[in-house]
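See structure below.
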Amino acid sequence: MSIFVDDDTRVVVQGITGGEGKFHTEQMLEYGTNVVAGAVPGKGGQEVAGVPVYDTVDEAVDAEDADASVVFVPPAFAGDAVFEALDTDLDLVVAITEGIPTQDMAKVNKRLSEVDTRLLGPNCPGIITPGEAKLGILPGNIFESGNVGLVSRSGTLTYQVVSNLTERGIGQTTAIGIGGDPIIGTSFVDALEAFEADPDTDAVVMCGEIGGEDEEQAAKFIAENMDTPVAGFIAGRTAPPGKRMGHAGAIVSGSGTGTAESKIGALNDAGVPVGDTPNEVADHIEDFL
Amino acid sequence: MRLHEYQAKQVFADAGIPTPDSRLASTVEEVMDAVDEIGYPAAIKAQVHVGGRGKAGGIEIATSEAEAREAAESILGMDLKGYTVDKVLVEAGVDFENELYVGITMDRGEGEPVAMVSTEGGVDIESVAHETPEKIAREHIDPAFGLHPYQARKVVFEAGIPKDVAMDVASILTTLYDLYESKDASEVEINPVMITGDREVVAADAVMNIDEDALFRQPELAEMEDEAAGDELEAKANEYGFDYVRLSGNVGIIGNGAGLVMTTLDLVDYFGGSPANFLDIGGGAKAERVANALEMVFADENVDSVVFNIFGGITRGDEVAKGINEALAQFDEIPKPVVVRLAGTNAAEGMEILNKDLVQVEGTLEDAVQRAVKNAEEVTQ
């Protein structure tokens, strides 16, 4: 089984006519994802990789019975694109775009609390249920179907840990990138809750990083609500305070909150072993299985 | 992006927030001209991007011509926590009875902006927040509606601001929120707001940080960015559009994706080395960008060895390999040993292309990092 997406998921790609949108639509189709429509204002009536394009998300959802969207829209327009997606009755919106202004995301976040749609990201690689569907930019070939769930704030770190797992023959139920921005839709806790409820997920990897307190909240959730074992990794132990380390959210505040130490401590207290290297995370998962 | 105090004050003043009379000066003579016009007492304040300027000797109050000259001479050109002071703000001293704090920032946990007001102004507000959080009144702001005037009044009364100036402080707070929203700030702060003997409120300091991701729609603020304020290499990285942070070690690190690059830094430390920098080439980098990255890291004289860690998703291994070859082709002798680890999209094609006479290749993240740490150790021995 899987969480959030499977081979029934019907996908609209917002921004399908752009370079990234087109390339990754082809990659998603090749992986077997049901990409059923594109949505680009003014480009309705065109086709990209055999997929019909509509002027609005609403039209695309109506015409093709879609239930998820992936947003490949440039940062200046991406907040608006997510609003448009949230104005339909999609189950899931995956925002790949990096660099959306934080105040735009605060407004999106507010709207999100008023609708039933789940948002993943922004600034995330997307989500993949190996062998069934991938929504986003993850390289499909490193994933294998199996019994380990993965949730991560970082794209390339996800690939690293997944390759460590796959090399040992450990497959994945679903891998989720939740994104590296300060304000995101789906949180660690949301993903962990879904993995806990998934009978096919026997262990979970959680990759966090410096900044914010999401990992600390996740640790609390794990201690109180999870039977499924979790192993963790935290990036940014060597980051100096006050410096933005690539991800908009990866910054240790001057007052000392959001440090790797605090996150690792919280996870350890919740019974979650944290690897010093990605390979050690795979060791812990192997021990659980 | 952080504005200098004088820039933020200008933005605040333009919006109607009362600020003291002030002049910007970059020579001792300019300081003397400024104090002539402003009078005494005058504050002479270093304009550099560091906190705690006062404690570090970057702010002096002059009550006479001799003191002004002395302060100007000591502050201009001084090294303040790694930054050279080349500009000072000369500002009319404010005779005050109380110092307050007002600020607005994003509460990322709530996903909403929050307004903060305290009677404990003029001090390190982060320690107040840490040690006596009850002394800071807070009000969350619905980003769809903005800060309602009643909310501004509520938080000001809750903070215990004296009633005779409460409305003026509330008015400053609503103006600050308008600026926060319209200028795409990530933080606006006045610490302190001074209350004078005549019960006037004056912004004696000004902090404004702008969301870098929103600079595309803030062209006037983007122009205020002070290239000289940062490290020379960081300015160069900015030009190339890299996410780059210079650190104090000697192992240069280049990778793709913030999480993986941070992990590479952590592993360098874990295996006994010390990272010289964080450099994320970003997603989908072409050969030229990769070559620029390598040149940048070579340009850092602290770097003794380099590790290139790429896990391709959107980034293609063959493009990365081409870039590394291009960058190295310019040298008769490679300045510092380079270890390359390529995985993911088109990694096999990349390995075919990569000029293995010029670099060391490792198959795993751990092996690559260990080798780079060892290379650096050999140089320092």
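Here is how names work: the chains are called A, B, and so on, in the same order as the sequence lines, proteins then strands, and each is numbered from 1.
- With a 4.5 angstrom heavy-atom cutoff, Asn109(A) touches chain B only via side-chain atoms.
- In this structure, Lys243(A) pairs ionically with Glu234(B), as a charged nitrogen and a carboxylate oxygen lie closer than 4.0 Å.
- In this structure, no portion of Phe23(A) lies under 4.5 Å from any heavy atom of chain B.
- In this structure, the portion of Asp211(B) lying under 4.5 Å from any heavy atom of chain A is its side chain and not its backbone.
- Taking chain A as the reference chain and counting heavy-atom pairs below 4.5 Å, the highest number among Pro275(B), Ser186(B), Pro143(B), Ser274(B) is found for Pro143(B).
- Taking 4.5 Å as the limit, every side-chain heavy atom of Asp269(B) sits out of range of all side-chain heavy atoms of Arg237(A).
- Across His24(A), Glu98(A), Gln103(A), the residue that shares the most heavy-atom pairs under 4.5 angstrom with chain B is Gln103(A).
- For chain B, the option among Met245(A), Arg244(A), Lys110(A) with the highest count of heavy-atom pairs below 4.5 Å is Met245(A).
- Interface remark: Arg153(A) contributes side-chain atoms only to the contact with chain B (heavy atom separation under 4.5 Å).
- Both the backbone and the side chain of Lys107(A) come within less than 4.5 Å of a heavy atom in chain B.
- Using a 4.5 Å cut-off between heavy atoms, Leu138(A) does not touch chain B at all.
- When heavy atoms are compared at a cutoff of 4.5 Å, Ala260(A) does not approach chain B at all.
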Practice task
Report the C-alpha distance between Leu80(B) and Arg53(B) in whole Å, list the side-chain angles of each, state the deciding distance to 0.1 Å, and finish with yes or no for side-chain contact (heavy atoms from CB on, under 4.5 Å).
Solution key: CA-CA 8 Å; Leu80(B) 210 59; Arg53(B) 284 174 302 169; 4.0 Å; yes
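- Residue Asn141(A) does not touch chain B at all, counting heavy-atom pairs closer than 4.5 Å.
- For a residue to count as touching a neighbouring chain, one of its non-hydrogen atoms must lie under 4.5 Å from one of that chain's; by this rule Gln27(A) does not touch chain B.
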Validation: residues 75-82 of chain A side-chain donor-acceptor distances under 3.5 Å, sequence neighbours left out:
none

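- Using a 4.5 Å cut-off between non-hydrogen atoms, the part of residues 204-216 of chain A that approaches chain B consists of Glu209(A), Ile210(A), Gly211(A), Gly212(A).
- Of the listed residues (Arg341(B), Glu112(B), Glu212(B)), the greatest number of heavy-atom pairs within a distance under 4.5 Å of chain A belongs to Arg341(B).
- With a 4.5 Å cut-off on non-hydrogen atoms, Leu157(A) touches chain B through its backbone and its side chain both.
- Ring centroid separation for the pair Tyr244(B) and Phe242(B) does not come in under the 6.0 Å cut-off.
- Using a 4.5 Å cut-off between heavy atoms, Phe278(B) touches chain A through its side chain atoms alone.
- Residue Arg246(B) places its CZ atom among more than 12 non-hydrogen atoms of other residues, nucleotides or ligands, all under 6.0 Å distant.
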Handout entry: Chi angles and distances behind the side-chain hydrogen bond (donor to acceptor under 3.5 Å, both in side chains) call for Tyr180(B), Glu187(B)
Key = CA-CA 7 Å; Tyr180(B) 173 85; Glu187(B) 185 178 22; over 6 Å; no
